[in-house]
Amino acid sequence: MTTTRTAIVTGAARGIGRAIALRLATDGHHVAVLDLDESACQVVVDEITEGGGTALAVGVDVSDPEQVEAGVARIAEELGAPTLLVNNAGIIRDNMLFKMSVDDWDSVMAVHLRGAFLMTKAAQAHMTAQKYGRIVNLSSTSALGNRGQTNYSAAKAGMQGFTKTLAIELGKFGVTANAIAPGFIQTDMTAATAERIGVPFEDFLAHAAKETPVGRVGQPEDIAATASFLLSEEAGFVSGQVIYVAGGPKD
């Protein structure tokens, strides 16, 4: 039987984050659904509680140190010490390098990397005290390079180095850290990409499926299933890894 633990999932109001939050609740954990808009988080919390789970909506800007500290403290008080953390919060500000503004660069770095750093720093205090923890960071196949995404690609590659160093530093405290690098996943974010490049979303999906060895695009639940394993007790000897969940091999 799975031990009930407290999990934090950032960027959990929709898409991959929502799917992971729902899956962790199904796995029997208490889930802090964290996103910029607390009311949007509440919708996911209601889904969880209607299914018999326990969850808490927490509105936090992950790039703000004071909000992160206050949010994690509230979670610890209301749900219990968080020992499972999923750093999923992310934004896109796609553009070709010569058109990309400094704000486009800084905004993406702030949410992905600064956010993951702040959330992990706050949560690891509880993990090391408990001598147990599981951290999953969301990277992307874009870490390998993707046209029009110098900011996002750099951030997602950074998540991989961040993850490997966490694994080295925190391993002796019973804490593992791994990264998931999704391929093409059908979400609002990929719909926004299709809109940006002026392609109907259905055509965008069809092209992506054709380019994927398994012959389909990914769903948020595909990522949630992988996260569920990496956050489990059974995954205690898996750490510092980057798992490409992309329907085929990636470098």
Side-chain angles (χ1 to χ4, degrees), residues 4-93 103 106-127 133-138 152 155 159 180 182 185-192 219-221 223-224 227-228 231:
T4 297
R5 302 187 185 277
T6 296
I8 300 175
V9 184
T10 72
R14 61 181 185 169
I16 290 171
R18 170 183 168 274
I20 293 173
L22 293 174
R23 175 59 185 262
L24 292 179
T26 300
D27 289 346
H29 300 300
H30 297 163
V31 183
V33 178
L34 195 149
D35 213 306
L36 202 55
D37 180 1
E38 191 162 313
S39 61
C41 296
Q42 189 59 48
V43 175
V44 180
V45 167
D46 290 343
E47 286 186 77
I48 290 171
T49 54
E50 285 166 13
T54 301
L56 175 70
V58 187
V60 167
D61 175 353
V62 295
S63 69
D64 184 309
E66 291 181 0
Q67 288 191 37
V68 167
E69 286 291 339
V72 172
R74 181 183 162 204
I75 291 162
E77 183 179 341
E78 296 189 32
L79 286 183
T83 53
L84 309 179
L85 172 65
V86 180
N87 286 308
N88 167 73
I91 59 171
I92 52 172
R93 296 288 184 272
D103 186 58
D106 287 346
S107 296
V108 168
M109 291 299 162
V111 176
H112 291 270
L113 285 177
R114 180 181 166 102
F117 161 70
L118 292 173
M119 287 299 306
T120 305
K121 190 175 181 184
Q124 63 82 35
H126 296 282
M127 297 179 187
R134 298 282 185 267
I135 300 165
V136 169
N137 297 317
L138 269 292
Y152 187 77
M159 290 291 267
I180 298 173
I185 308 296
Q186 186 174 347
T187 64
D188 291 345
M189 191 177 277
T190 48
Q219 298 300 320
E221 292 73 21
I223 308 306
S228 175
L231 292 160

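Scope of the values below: all heavy atoms of this structure, side chains included, with no hydrogens, waters or symmetry mates. In this text the structure is predicted, and so the values were computed from the model without any measurement.
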One should read off an interatomic distance between D37 CG and D61 CG, to the nearest 0.5 angstrom, of 12.5 Å
Minimum heavy-atom distance between N137 and M159, given as atom pair plus value: CB-CE, 3.8 Å
Approximate separation, where rounding is to 0.5 Å, of R5 CZ and H29 NE2: 7.5 Å
Minimum heavy-atom separation for E78 to L56, with atom names? OE1-CD1, 3.3 Å
Test log, rule side chain to side chain contact (heavy atoms under 4.5 Å, CB included), inputs I92 and V108: CA-CA 6 Å; I92 52 172; V108 168; 5.8 Å; no
Can you see which heavy atom on A21 is nearest to which on V33, and at what distance? CB-CG2, 4.3 Å
Does R114 reach the side chain of P65, with side-chain heavy atoms less than 4.5 Å apart? yes
What distance separates I8 CD1 from L84 CG, expressed to the nearest 0.5 Å? 9.0 Å
So N88 and I223, do their side chains get closer than 4.5 Å, heavy atoms only? no
If you define the side chain from C-beta out and look only at heavy atoms, does anything of D64 sit under 4.5 Å from V60? no
Quick one, V31 with V44, criterion side chain to side chain contact (heavy atoms under 4.5 Å, CB included). Give me CA distance, side-chain angles, the key distance, then yes/no. CA-CA 10 Å; V31 183; V44 180; over 6 Å; no
Heavy-atom nearest pair, A13 first then D35, reads N-OD2, 3.0 Å
Measuring from atom CZ of R93 to atom OG of S107, what distance do you get when rounded to the nearest 0.5 angstrom? 5.5 Å
Spacing of CG belonging to L85 relative to NE2 belonging to H126, to within rounding of 0.5 Å: 11.0 Å
Checking the side chain of T49 only, and the main-chain atoms of D46 only, is there a donor and an acceptor separated by less than 3.5 Å? yes
Closest heavy-atom pair, M109 versus A155, reported as atoms and distance to 0.1 Å, is CE-N, 3.7 Å
Is there side-chain contact between V62 and V111, with at least one heavy-atom pair below 4.5 Å? yes
Audit row: I185, T190, side chain to side chain contact (heavy atoms under 4.5 Å, CB included) steps and yes/no: CA-CA 7 Å; I185 308 296; T190 48; 5.5 Å; no
Taking all atoms of both residues into account, what is the closest heavy-atom pair of P82 and M127, and its distance? O-CG, 3.8 Å
Could you tell me if the side chain of I48 sits less than 4.5 Å from the side chain of L22, heavy atoms only? yes
Let me confirm one number: the NZ-CE distance from K121 to M119, rounded to the nearest 0.5 Å. 13.5 Å
4.5 Å side-chain heavy-atom contact, R134 and T83: no
